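Nothing here was measured: the structure is a model prediction, and the numbers come from that model. One-based numbering, in listed order, for ligands and for the atoms of each. Along the sequence shown, residues are numbered consecutively beginning with 1.
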Amino acid sequence: MKTGGRLIVEGLEAQGVDRVFCVPGESYLAVLDALVDSGIRPVLARQEGGAAMMAEADGKLTGRPGICFVTRGPGATNAASGVHVAQQDATPMILFVGQIGRRMRGRDAFQEVDYRQFFGGMAKWVEEIDHADRIPEVLSHAFHVAMSGRPGPVVIALPEDMLSGEAPALAPAPRVEVAAPAPAPADIATLAELLARAERPVLVAGGSRWAPEDAAALAAFAEACDLPVACSFRRQMLLDNTHPNYAGDIGLGPSPALAKRIREADLLILLGARFSENPSQGFSLLGIPAPEQALVHIHPGPEELGRIYAPRLAINATPGQFLAAAAGLSRPASGAAAEANAEWHAWSDTPPETPGAVQMGAVIAHLNAGMPDACITNGAGNYATWAHRFFRYRGWGSQLAPTSGSMGYGLPAAIAGKLRMPGREVVAFAGDGCLQMTMQEFGTACQEGAALLLIVVDNGIYGTIRMHQEREYPARVSATTLQNPDFAAIARAYGAFGARVERTEDFAPALAEARASGGPALLHLLTSPEAITPARTLTQIREKR
Ligand SMILES: Cc1ncc(C[n+]2csc(CCOP(=O)(O)OP(=O)(O)O)c2C)c(N)n1
Ligand SMILES: [Mg+2]
């Protein structure tokens, strides 16, 4: 006989789980106890939102579910912010929630929540395990659901008495490998015809279920077919940005030339992407439901094909399977890729000067030169524009960013990223507002020895919202000004490196010191609120200039 908690932990070990992100609770003590004798390391987060975002980021990198454990009620509701990221970003993740005892259900017991209702519209599947002898079956199902088709979050509630009670010592489920749908030969033949006819093709890469080696296959396909390759919103890591076919990213505030190229394309290949609100520029680049462009939509989730856009050719496949099947295709060079690449360079090579003593363009240029292999993470805020537009993402693992626009994501994602890629430099970008959503996770980084670099871009405002506010309701500032602490001093209070950067020329020496510190480090950049976008100042937006 074994406790339910032990069966859960042994089941996770059998799936190859080496790390879980958690905040403890009395509701799942039996799991915490079983972890003691396991090969699984619990990473102790400070708040469940941070824990869930760490698990999500880990899932993004590994392609297997990131695992998060939280307690019932307040723990589970806090974790919802990370579950939502996993849903929108199509990331495999499993959230385990310690639940009230089975006999108490329905009494509005202490911290009771109906998880099927609470997570119902957000998670791919919500289950509660009442009988410990079904743990192997439910874990197997959960891994399959989280990873297959369009991946996403699964929530499993674990009643306290089920976890602490004894059950037969069942063998764990075998390691889950999910089906990887592949194109039919007829699909590739149709694609070949469309490619042969196309004069202005574009490929947009996005979504999840990419394997590290798929980037090379994408590059080869793009070269053979002279395809300009754009990456969808916050998916710039899918093609090395220095590749000659790279056409930039299509997201918030894209290059006008790229948006025009997609609008005027005669063939649009959407590879893994959904082309939702942000990449489609408010659902305006493609006709709905019938795009002007001949649309070839390739997605691992069949339910995503035809959901918004009726494709000319729908292919249910993972990016890897598609690229393997399309490997023999070619198309005479028309110069389209080189032209798109030149347009992107014109958009992205030279950051403009902005008001203020710290120039973000210079900061990013410095990172490009000195840390080309870095993984850049961010949450939401206008500060992210600088990284997205001017940093050269260099392929798989170089980016962790939420298409869901979740503030607070950058720091927890960087912690997960650094733990998964210890040999790589990981740089978290956060706005002053963004950071304060999950700032307490700096303690997690310190405790885990996750030597990430946190760059806080402090303009004293919730800049994105101030920008919209000044545009829609000029000079009527409401609830968008922040009174901020000395962020570098906070880092030092944790025993980490922290420095304040007030002028551009102070950035390079501060960065060198931060990197030399060997541990988590924070650089507090004081930027001007006027420098709200690379192109326009806050005053220009207010005055509609
Ligand atoms: C969790 C969450 N809450 C609120 C928002 C709305 N929101 C988007 S950006 C933003 C302001 C970000 O401010 P900051 O991090 O300081 O970046 P800045 O725009 O000033 O560069 C807000 C409030 C959001 N995206 N996510
Ligand atoms: Mg700000």
Side-chain angles (χ1 to χ4, degrees), residues 47-53 56-57 77-89 122 233-234 251-253 276-278 351 354-356 358-361 363-364 376-391 401-414 427-442 454-473 477-487 490 501 522-539 541-542:
Q47 206 259 19
E48 292 84 354
M53 289 178 202
E56 192 278 344
T77 50
N78 277 346
S81 51
V83 174
H84 182 251
V85 178
Q87 187 269 321
Q88 290 234 303
D89 280 40
M122 209 190 290
F233 183 50
R234 297 188 166 160
L252 290 170
S276 190
E277 180 178 346
N278 286 327
T354 51
V358 174
Q359 292 291 315
M360 281 306 292
V363 166
I364 303 285
I376 304 286
T377 76
N378 60 268
N382 272 31
Y383 70 88
T385 309
W386 292 95
H388 291 344
R389 178 165 163 190
F390 300 110
F391 186 74
T403 63
S404 71
S406 176
M407 286 171 76
Y409 182 81
L411 175 57
V427 181
F429 271 93
D432 45 335
C434 193
L435 178 62
Q436 291 182 81
M437 293 262 170
T438 53
M439 185 164 71
Q440 65 277 14
E441 303 305 343
F442 199 75
L454 173 58
I455 299 183
V456 189
V457 186
D458 178 2
N459 58 4
I461 54 175
Y462 283 121
T464 302
I465 312 307
R466 176 71 66 83
M467 172 183 75
H468 292 302
Q469 200 164 59
E470 295 283 16
R471 196 189 58 231
E472 303 295 329
Y473 303 94
V477 171
S478 179
T480 50
T481 305
L482 286 160
Q483 181 178 323
N484 286 324
D486 179 342
F487 291 109
I490 291 177
V501 175
L522 185 154
L523 295 180
H524 180 183
L525 275 47
L526 287 132
T527 61
S528 167
E530 273 296 308
I532 195 70
T533 76
R536 302 178 73 200
T537 65
L538 206 50
T539 302
I541 288 169
R542 183 187 313 117

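Close to ligand 1: D432, with a non-hydrogen atom less than 4.0 angstrom away.
Side chains of T537 and R542: a donor-acceptor N/O pair is absent below 3.5 angstrom, by distance only.
Checking G431 against the Mg ion (ligand 2), every N/O/S atom stays at or beyond the 2.8 Å cut-off. At least one N/O/S atom of N459, from backbone or side chain, sits under 2.8 Å from the Mg ion (ligand 2). At a cut-off of 2.8 Å, D458 does not coordinate the Mg ion (ligand 2) through any N, O or S atom.
Two residues are said to be in side-chain contact when any heavy atoms from C-beta on lie closer than 4.5 Å; L411 and M439 fail this criterion. Residues T533 and T385 fail the side-chain proximity criterion, which asks for heavy atoms closer than 4.5 Å.
Within the 4.0 Å heavy-atom criterion, the part of N459 lying near ligand 1 is the side chain and not the backbone. Looking at M467 against ligand 1, nothing comes within 4.0 Å, counting heavy atoms.
Of all protein heavy atoms, the one lying nearest to atom 10 (C) of ligand 1 is M407 SD, 3.5 Å. The protein heavy-atom contact nearest to atom 25 (N) of ligand 1 is G405 O, 2.9 Å.
Each of the following atoms of ligand 1 lies closer than 4.0 Å to a heavy atom of C434: 14 (P), 15 (O).
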